[in-house]
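The structure under discussion appears below in the form of structure tokens.
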Amino acid sequence: MPKTTNIPAQQPAERRSDDRYDPRRIEEKWHARWQADPELYAASPHDSTRKKYYVLEMLPYPSGALHMGHVRNYAIGDALARYMWMQGYNVLHPMGWDAFGLPAENAAIKNKVPPKKWTLDNIAHMKAQMKRLGFAYDWSREVTTCLPEYYRWNQWFFLKLYEKGLAYRKKSKVNWCPECATVLANEQVVDGCCWRHEETKVEQRELEQWFVRTTKYAEELLAGLDQLEGWPEKVRTMQRNWIGRSEGAMVDFRLEGPAGPAGNKITVFTTRIDTIFGATSVQLAPEHPLVADLAADDDDLRDEVDELVGEQVKAKEAGDIGAIEKHGVFTGRYAINPFNRERLPIWVANYILMDYGTGAIMSVPAHDERDYEFAQKYGLEVRVVILPRRIGEPPAANEKEEPVLPYTLTDSLLINSGDYNGLSNQEAIAKMTDFAEHNGFGKATVTYRLKDWGISRQRYWGTPIPMIYCDKCGVVPVPENQLPVLLPDNVDITLEGGSPLGRVPEFVNVKCPRCRGTARRETDTMDTFVDSSWYFYRYTNAKLNDRPLDTPTIDYWFPINQYIGGVEHAILHLIYSRFWTRFMRDLGMVHNSEPALRLFTQGMVIKGGAKMSKNKGNVVSPDDMVARFGADSARTYALFAAPPDRDLDWQEAGVEGVFRFLSRAYRFVTRNAGAQQDTGSVAVLSPKSRGIQRKLHQTIKRVTDDFQGRWHFNTSVAAIMELVNELYGVEEEIAAGKFSGNVLADAQRKLVLLLAPFAPYLAAELWETLGEKSALLRHPWPEYDPVFAKEDEINYAVQINGKVRAHVAVPADSTEPFVRERVPTDAKVQAAIAGREVVKVIVVPGKLVNIVVR
RNA sequence: GCGAAAGUGGCGGAAUUGGCAGACGCACCAGACUUAGGAUCUGGCGGGUAAAACCGUGGGGGUUCGAGUCCCCCCUUUCGCACCA
């Protein structure tokens with residue numbers, strides 16, 4: 001353990017003990033008091049007299065212990081919650097546990113401890129840590145997702161999804177993580193690897209799985225982003241990209257020659273139907289169903305296609321499908337362009353993806369870089385059909401028909417396109433789509449990159465999917481009144497051979513709810529992102545046991561005013577929960593369409609330039625920080641070291657600095673708490689008293705502005721440090737009885753109020769020291785008075801030709817003409833401009849004077 | 001390749017609208033108090049100079065009385081997207 005300079009316990013005992021900041025003593029004292037008062041942080045259920053404020057931090061996975069990222073996240077939310085309480089709001093500030101998930105199973109395998117015990121033990125420990133850190137949570141609303149009281153409603157919602165046609169079962173290629181031994185959603189695959197195992201390549205497996213129809217809300221999820229002005233633009237962009245809306249048209253190209261089982265036409269998706277006269281081939285994804293037909297009697301072609309499939313799979317697994325070297329093979333067959341009856345060769349190409357659009361494209365080498373590259377490689381015709389020129393504009397003298405020129409949809413027109421020549425691209429798109437629709441070989445289409453959410457997991461520690469398979473009746477939902485389907489205990493957990501629940505006969509074997517015949521339960525569990533998609537609704541009424549939530553209560557609390565968490569959930573959790581909210585809205589259970597008005601994504605906590613991780617051995621333990629410096633120092637440092645949206649480099653010496661600051665605040669207030677009050681006759685304050693009064697109000701303004709605006713709590717803390725430094729500067733005057741007692745008492749009380757959101761333990765202790773009996777948390781936030789904050793005198797910076805050469809003090813209420821006249825007469829200024837001609841004098845009121853000379 | 005954010009002392013960072021660059025903290029240096037200091041207090045602390053001048057916000061240009069801040073070009077880092085037809 002590294003040696004530190006400033007451990008309270010190591011200070012000699014003979015120092016004046018009442019003068020020494022001992023966070024352990026203070027924090028243990030208040031911790032005990034706060035524990036005894038469960039109502040302290042409770043939100044009022046329905047308080048129409050006060051405005052509500054719902055501040056939410058993303059709930060943690062109970063991995064075992066809090067890390068510094070948690071501390072930072074919660075320190076931000078807690079400061080905000082406490083500030084809003086002091087502003088008089090009815091604050092809802094809850095906490096819970098995202099308690100299902102694979103690590104519990106891994107721990108079970110490794111340590112032979114049941115997942116439930118492991119999880120609940122971890123929760124108990126982490127909850128104690130949170131309480132010790134002084135976070136003001138309303139624990140009466142705690143949500144633990146692995147308990148039947150919660151997950152039964154996951155099952156209930158699943159039945160609703162099924163009832164509404166939003167949950168369905170489908171056999172398809174799915175992402176499989178061999179490390180997790182389970183399927184992953186598309187959102188959980190990052191660069192071809194598992195989101196939890198960054199080194200593990202995700203494999204493709206053909207499985208029958210449950211899907212949730214997130215795509216039903218694709219359009220709305222996209223459009224809603226425009227309204228989410230309180231969300232970081234970065235997150236909105238990421239979601240827009242993920243949804244990947246693309247407007248275009250489907251067009252059928254009839255197959256020439258015999259048709260096989262896959263039909264007699266190729267449907268392509270294109271966003272650029274206006275370039276269709278420039279199409280010189282049709283290209284299929286290697287896994288397109290038609291390819292099997294075309295290669296039916298051609299072993300060589302089949303081999304070549306297999307090679308293409310292999311190349312694509314390899315590139316996908318490597319995560320660089322974008323860099324794949326284009327490779328294709330001509331099938332020997334042709335398709336007919338419905339617009340001009342041309343025969344186009346049909347190719348199969350390794351860069352065409354089956355899971356986007358229709359898995360088939362028309363290739364227009366002249367106006368698409370990829371098609372151009374492919375055409376160059378294989379000698380396909382390049383036919384220009386667009387000129388980069390406005391309609392009616394005369395051709396430039398050197399106009400050439402060149403491929404792949406940059407052009408916009410409005411500044412261009414069609415050529416070599418039959419009846420459509422001379423139209424702008426925009427017009428052509430509309431007319432050609434119409435034409436295709438009227439003639440039955442195409443239609444306008446919107447495609448999305450977003451896919452339905454695969455929620456089946458072949459794991460034990462999750463919500464059982466409430467479905468039953470009956471040989472006679474098929475898929476039968478578990479009747480609502482039989483919920484919850486309880487997760488059995490004592491399950492043999494391994495990471496091999498499918499769902500652990502499948503090895504529990506008393507779970508699997510069940511009577512069919514319809515025909516009473518023998519049937520089998522679904523043995524997969526739900527993705528844990530189901531749990532976190534709606535947990536924040538449950539907080540409003542966590543103990544309801546006859547329904548998941550109470551709509552009037554939701555209407556009072558929602559939407560969430562401020563959501564705070566890591567940017568790593570920009571796609572996953574934040575898109576699922578936006579989906580879930582709309583689904584609940586359409587069930588009539590909530591009336592908001594978005595869960596959260598504002599989202600804040602805090603930066604990471606790093607150490608020595610690297611993210612804290614056990615592998616790198618650079619983890620700082622919150623317990624250790626609390627033991628050595630106290631919770632207040634750890635929390636305040638987490639806010640002081642960097643603006644909350646930036647990465648924070650944890651430096652132990654910095655925590656010591658904050659500890660020193662809190663010590664100074666503590667010592668000042670304890671030493672001067674009993675200062676005598678003025679008798680009332682002092683009309684004019686001493687300059688130092690006035691100075692403190694001014695600094696106090698300037699500080700109130702700075703801290704309040706930070707809460708209202710940018711949340712740069714690092715500058716808030718710095719401002720309070722300045723105030724404390726200034727107070728130290730007047731201690732002699734206080735000791736001599738020359739300082740205004742009223743100003744001192746006011747400054748001390750307000751200093752404590754300003755500290756309260758950041759260092760709640762210290763603030764509570766000092767509040768009591770000052771003889772205050774009221775609850776600090778509900779005490780009104782101090783108000784800034786501009787009259788007190790105003791400077792008496794302004795020290796103007798005087799520039800000569802833009803360089804500062806002197807300072808001249810003038811009374812603060814000086815008019816601009818006065819300053820303009822007074823400043824140049826100053827001796828130092830005179831000396832600086834001696835002998836030169838004054839061309840111009842620029843006065844910036846309250847700041848500076850610039851004298852331009854020649 | 002496309003898009004976004006960032007680049008300021010030895011370090012973390014300040015400067016919200018174009019107006020005194022480096023607040024606040026760390027580290028460091030000096031002094032005071034002390035048997036002692038790793039406590040506390042006071043002072044110093046971008047480079048440079050005896051003191052000035054002068055030079056300094058990734059680099060280069062520009063606009064302006066005045067640029068960390070605005071404009072143009074370039075470099076680096078981080079993040080996101082990347083044959084999406």
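Residue numbers begin at 1 in each chain, while the letters A, B, ... track the order of the sequences. Please read all numbers here as calculations on a predicted model, not as lab measurements.
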Can you tell me the distance, in whole Å, between the [atom1] atom of [X] and the [atom2] atom of [N]?
X	N	atom1	atom2	value
A:Leu308	B:rC83	CG	P	17 Å
A:Tyr351	B:rA85	OH	C1'	8 Å
A:Leu344	B:rA85	CG	C1'	15 Å
A:Gln312	B:rC83	CD	C1'	10 Å
A:Ile794	B:rG19	CD1	C1'	14 Å
A:Asn725	B:rG43	CG	C1'	14 Å
A:Arg702	B:rA15	CZ	P	9 Å
A:Asp647	B:rG80	CG	P	12 Å

Thinking salt bridges, do [X] and [Y] make one under a 4.0 Å N-O criterion?
X	Y	answer
A:Glu731	A:Arg667	no
A:Arg24	A:Asp22	no
A:Asp226	A:Arg240	yes

* Of all the heavy-atom pairs spanning A:Asn618 and A:Lys607, show the shortest one and how long it is. => ND2-O, 3.2 Å
* Which atom of A:Ile76 lies closest to which atom of A:Gln602, heavy atoms considered -> CD1-CB, 3.7 Å
[options]: which one has an atom nearest the side-chain heavy atoms of [X]?
X	options	answer
A:Met721	B:rG25, B:rA14, B:rC20	B:rG25
A:Thr271	B:rA85, B:rG80, B:rU17	B:rA85
A:Asp705	B:rC54, B:rG19, B:rU16	B:rU16
A:His807	B:rC20, B:rC26, B:rA14	B:rC20
A:Phe269	B:rA85, B:rG12, B:rA14	B:rA85
A:Tyr728	B:rC41, B:rG19, B:rA23	B:rC41
A:Leu848	B:rC20, B:rA14, B:rU40	B:rC20

* Asked: Is the shortest heavy-atom distance from the side chain of A:Asp706 to the side chain of A:Trp711 under 4.5 Å?
  -> no
Could you tell me whether [X] contacts a base, only the sugar-phosphate backbone, or nothing, with contacts defined as non-hydrogen atoms closer than 4.0 Å?
X	result
A:Phe640	base
A:Leu648	nothing
A:Glu722	sugar-phosphate
A:Arg664	sugar-phosphate
A:Val844	base

* **salt bridge (charged side-chain N to carboxylate O under 4.0 Å, His left out) partners for A:Lys326, two or more places apart** => A:Glu373
* **Steps toward side-chain hydrogen bond (donor to acceptor under 3.5 Å, both in side chains) verdict (A:Tyr784, A:Gln698)** => CA-CA 8 Å; A:Tyr784 152 73; A:Gln698 291 173 344; over 6 Å; no
[N] to [M] separation - [atom1] atoms, rounded to the nearest Å:
N	M	atom1	answer
B:rG9	B:rU69	P	15 Å
B:rA21	B:rG1	C1'	38 Å
B:rU64	B:rU77	C1'	31 Å
B:rC41	B:rU16	C1'	35 Å

OP1, OP2 of [N] versus side-chain N and O of [X]: anything below 4.0 Å?
X	N	result
A:Arg710	B:rA15	yes
A:Arg660	B:rC26	yes
A:Ser246	B:rA85	yes
A:Asn714	B:rA14	yes
A:Lys803	B:rA52	no

* Asked: Can you give the dot-bracket line for RNA chain B, where a pair is Watson-Crick or G-U wobble with both atom distances under 3.5 Å, crossing pairs use [ ], and | marks a partner on another strand?
  -> (((((((..(((......[....))).(((((.......))))).((......))..(((((..]....))))))))))))....
* Is the NZ or CZ atom of A:Arg598 both under 6.0 Å from the centre of the six-membered ring of A:Trp231 and within 45° of that ring's axis? -> no
* Structure fact -> Syn within 90° of 0, anti beyond: B:rG68 is anti
* Residues A:Phe707, A:Phe713; criterion ring pair (Phe, Tyr, Trp, His ring centres under 6.0 Å); working and verdict -> CA-CA 8 Å; A:Phe707 272 109; A:Phe713 301 125; 4.9 Å; yes
* Asked: 5'-most contact on RNA chain B: A:Gln651 or A:Lys234, nearest heavy atom basis?
  -> A:Gln651
* Is there a donor and acceptor pair closer than 3.5 Å between the side chain of A:Asn850 and the base of B:rC65? -> yes
